[in-house]
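Not measured: the values here are computed from a predicted model. In what follows, chains are A, B, ... by sequence order, proteins preceding strands, each numbered from 1.
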Amino acid sequence: DGEAAQTYIVHMSKSFMPSSFESPDRWYSSLVESQSQSQSVLYNYAQVLHGFAVKLTLAQAKALEKTEGVLAVHPETVYELH
Amino acid sequence: TTHTPEFLGLDGSNGLWSESDGADDVVVGVLDTGVWPESRSFGDEGMKPVPSHWKGECESGTRFNASHCNKKLIGARFFCSGYEAAYGRVNESKEFRSPRDQDGHGTHTASTAAGSFVADASLQGYARGTARGMAPFARVAVYKVCWQGGCFSSDILAGMDHAVADGVNVLSMSLGGGVVPYYRDGIAVGAFTAMRKGIFVSCSAGNAGPDPMSLANVAPWITTVGAGTLDRDFPASIVLGNRVRYGGVSLYSGSGLPRGKLLPLIYAADASNGNKSSNLCLANTLDERLVKGKIVLCDRGISARVDKGNVVKSAGGAGMILANMAANGEELVADSHLLPAAAVGRRVGDAIRRYVKASRKARATIEFEGTVLGVKPSPVVAAFSSRGPSSMTPQILKPDVIGPGVNILAAWTGVAGPSEMKADTRRVDFNIISGTSMSCPHVSGVAALLKGAQPGWSPAAIRSALMTTAYTVDNTGAPLRDVATGNDSTPFDHGAGHVDPQRALTPGLVYDMGVQDYVGFLCALSYTPQQIRLLVKSNLTCTKKARLRSPGNLNYPSFSVVFSSHHDHFNRSATVVKYTRTVTNVGQGASKYRVAVSAPPTVKITVKPTTLSFQSVNQKRSYTVTFIAKRAAPRLTAAASFGSITWTDGLHKVRSPVAIMW
């Protein structure tokens, strides 16, 4: 269902960050806003990856994947305790 | 835990213990269900000030604030944005929206890794002793990333992101998921950066055993930990009406069954309310009229073991015998049931099933016998422990090691009973549970001690030390066994063997690795530059120099060889496989090592050179191993053979397991 939203992990290339943004976080927020007015970044990642987590529809995720600076958009997975 | 320090040889004041100086500068980060901070396992009496490198925090939330942290529990954060995006806001009347542990699992794992000393710990009298983590002076930082609905990768990545920034030295993660390419696996992605920053990452291998290829967390920069038993047991005797007595295990601590009186015994399959699965004692499958006042024999499988006990209790049963099926073999996992109950192995289960079938008036009772030590053989590989080979990269042998993971006592949450069921209103300070979740933090704690003793060692060097010094014989001197089959276990079951912390302190040689080695490995997997970048986080190309000839050429402390009837993409005959390894001397300066090879009859293994001479510490030497298949692929498609390559200088034994597949 293209309308059902789920969380995606978005991997970014920081070297593509426009100089107009003060920080990667602002850049990520603007990218999300360009896809969806109703969604906001869940997490910004700075250490283990460059990127963020956001809830999007499949169509929005596919559109985001084509944006310059986006390396990959992976759907969230659920892990379990052992 | 009350017995694993002794079982692991960590009970003395010498060796790793003194060399590590208590590892009080080492921070163990635990990604799990949070922490119960009031547990005495997180007391900070006598602890030195918090290490100066620490940047972590204690976050506030439901029933948790900064005052819950101390010099032992130095960090506590929670991450629920991914969980809440899927399920809506955490209901604070049902779940703590804070680092506080609802479940118990996180408190158990954190205290196993680095809990403080607690005298007179037990679970209602069972496993009584002084509880402590493997690194009792190391610091604990908890990152709550698992909630009642699961552990979401966005939350896990956030937890790892903060753990790295906070300055943890060891990451302990007793959770996992399905096998996906490394660049799509959140734990593997996060662990790569952690490794790059010198953080040792240990993860549980999974509880999907004994099926082959059932492992989780198989990335080679992660230390993958399987589970074995201790030499401790909680015996219970099942006495049948024919006066035959069988052995089982139990952690039941209530009023027990009437003394000296045998009760009617019924097989759950014969007590069905019409449901075909009644033999498994699943919910709503038993006929209360047939069960009431009787001991019910239930088959293991599908539902949680303690749930079966509750089903029998709810149906009016007086007791339960829980019998293993083929998948569990003779593995005996004890549970804190709500009714008098005992678990038995498959053979005993079959005997009791036969007795019930043959007897018109089957009767039984259960006698609970407390805690015994010195059980032989031990350790034994747990049936539930996930098994290799790695389905993602069969050229890397996984799991890496096994550690204690069966019937482990450690600290527990204050809001859940020992059976973890809602119906269980009992509250305990310590609980006894099993899983690779329990073996993982043992290795994390040992790694913290090694980190304290050898601060300059890389995560790969620490893992190498743990692997090459692991032992493969039990306390009877026989090869380690697999409780699922009763046969000798293989490196697909136990990896390099059972961890031996004291020996790991002086491995002699280590197989060291850094980011470039792993990049070469990823190139050998034919990952695209973009896929590699998701892991490495920088621009890289797979140059001829960087690329390993095959993934199995990674400088790993074990060997996994895959023969195929085809030629590989370099047009080499795949019945000959050649791997190169480089070892670093971490022993005394001048030394000479000789190789000893144990090869299966189907494979010729040649090592060149056969001696390695070192003049100084940190000197590196390389050697090449050639594996030649003596015959075509065996008829059985899953055929595998095993051996080992050991370097010895008279003082050290640096052993690498070998697994060969066709």
Quiz prompt | CG-SG distance between A:Leu81 and B:Cys146, expressed to the nearest 0.5 angstrom | solution = 4.5 Å
Practice problem: Give a yes or no on whether the backbone of A:His50 and the side-chain of B:Lys537 come within a donor-acceptor separation of less than 3.5 Å. | Solution: no
Quiz item: Relative to chain A, which segment of B:Phe192 carries a heavy atom at a distance below 4.5 Å: side chain, backbone, both, or neither?
Solution: neither
Exercise. May I ask you to name which of B:Ala194, B:Gly435, B:Ala85 has the most heavy-atom pairs under 4.5 Å with chain A?
Key: B:Ala85
Quiz item: Considering only heavy atoms from C-beta outward, does the side chain of A:Leu49 approach that of B:Leu157 to under 4.5 Å?
Solution: yes
Quiz item: Are the side chain of B:Ser204 and the backbone of A:His82 linked by a donor-acceptor contact shorter than 3.5 Å?
Solution: no
Quiz item: Looking only at heavy atoms, which two atoms of B:Phe152 and A:Glu76 are closest? And how far apart?
Solution: CD2-OE1, 3.1 Å
Quiz item: Any side-chain heavy-atom pair from A:His74 and B:Leu534 closer than 4.5 angstrom?
Solution: yes
Self-check item: Leading residue by heavy atom contact count with chain A [cutoff under 4.5 Å; candidates B:Ser174, B:Ser538, B:Gly190]
Solution: B:Ser174
Exercise. Output the option from B:Gly206, B:Gly186, B:Cys440, B:Ala208 having the highest count of non-hydrogen pairs under 4.5 Å with chain A.
Key: B:Gly206
Self-check item: Atom pair NZ/OG of A:Lys55 and B:Ser81 - distance to nearest 0.5 Å
Solution: 12.0 Å
Quiz item: Heavy atoms, side chains only, cut-off 4.5 Å: are B:Arg184 and A:Pro75 in contact?
Solution: yes
Quiz item: Do A:Tyr43 and B:Asp161 get their side chains close enough for a donor-acceptor pair, meaning under 3.5 Å?
Solution: no
Quiz item: Where on A:Gln6 is there a heavy atom nearer than 4.5 Å to chain B: the side chain, the backbone, both, or neither?
Solution: neither
Quiz prompt | Contact class of B:Phe79 relative to chain A, heavy atoms under 4.5 angstrom | solution = both
Self-check item: B:Ser153 side chain near A:Ile9 side chain, heavy-atom distance below 4.5 Å
Solution: yes
Quiz item: Where on B:Leu535 is there a heavy atom nearer than 4.5 Å to chain A: the side chain, the backbone, both, or neither?
Solution: neither
Quiz item: Are any side-chain N or O atoms of A:Gln47 and backbone N or O atoms of B:Ala165, one a donor and one an acceptor, separated by less than 3.5 Å?
Solution: no
Quiz item: If you count heavy-atom pairs under 4.5 Å with chain B, which of A:Ser13, A:Ala53, A:Gly51 comes out on top?
Solution: A:Ser13
Quiz item: In terms of heavy-atom proximity below 4.5 Å to chain A, should B:Asp155 be classed as side chain, backbone, both, or neither?
Solution: both
Quiz item: Of the backbone (N, CA, C, O) and the side chain (C-beta and beyond), which part of A:Tyr45 lies under 4.5 Å from a heavy atom of chain B, both, or neither?
Solution: both
Practice problem: Determine, stepwise, if the pair A:His11 / B:Val189 fulfils side-chain contact (heavy atoms from CB on, under 4.5 Å). | Solution: CA-CA 11 Å; A:His11 294 254; B:Val189 167; 4.2 Å; yes
Practice problem: Just give me the residue among B:Gly150, B:Ala158, B:Gly177, B:Ala86 that pairs up with chain A most often, heavy atom to heavy atom, under 4.5 Å. | Solution: B:Ala158
Quiz item: Given a strict heavy-atom distance threshold of 4.5 Å, which part of A:Leu71 is in contact with chain B: side chain, backbone, both, or neither?
Solution: both
Quiz item: Do B:Asn217 and A:Tyr79 have a side chain donor and acceptor closer than 3.5 Å?
Solution: no
Quiz item: Measuring heavy-atom distances to chain A, does B:Ala216 have an atom under 4.5 Å in its side chain, in its backbone, in both, or in neither?
Solution: side chain
Practice problem: Tell me, for B:Arg533 versus chain A, whether the close heavy atoms (under 4.5 Å) come from the side chain, the backbone, both or neither. | Solution: side chain
Exercise. Heavy-atom distances under 4.5 Å only: say whether A:Thr7 touches chain B with side chain, backbone, both or neither.
Key: side chain
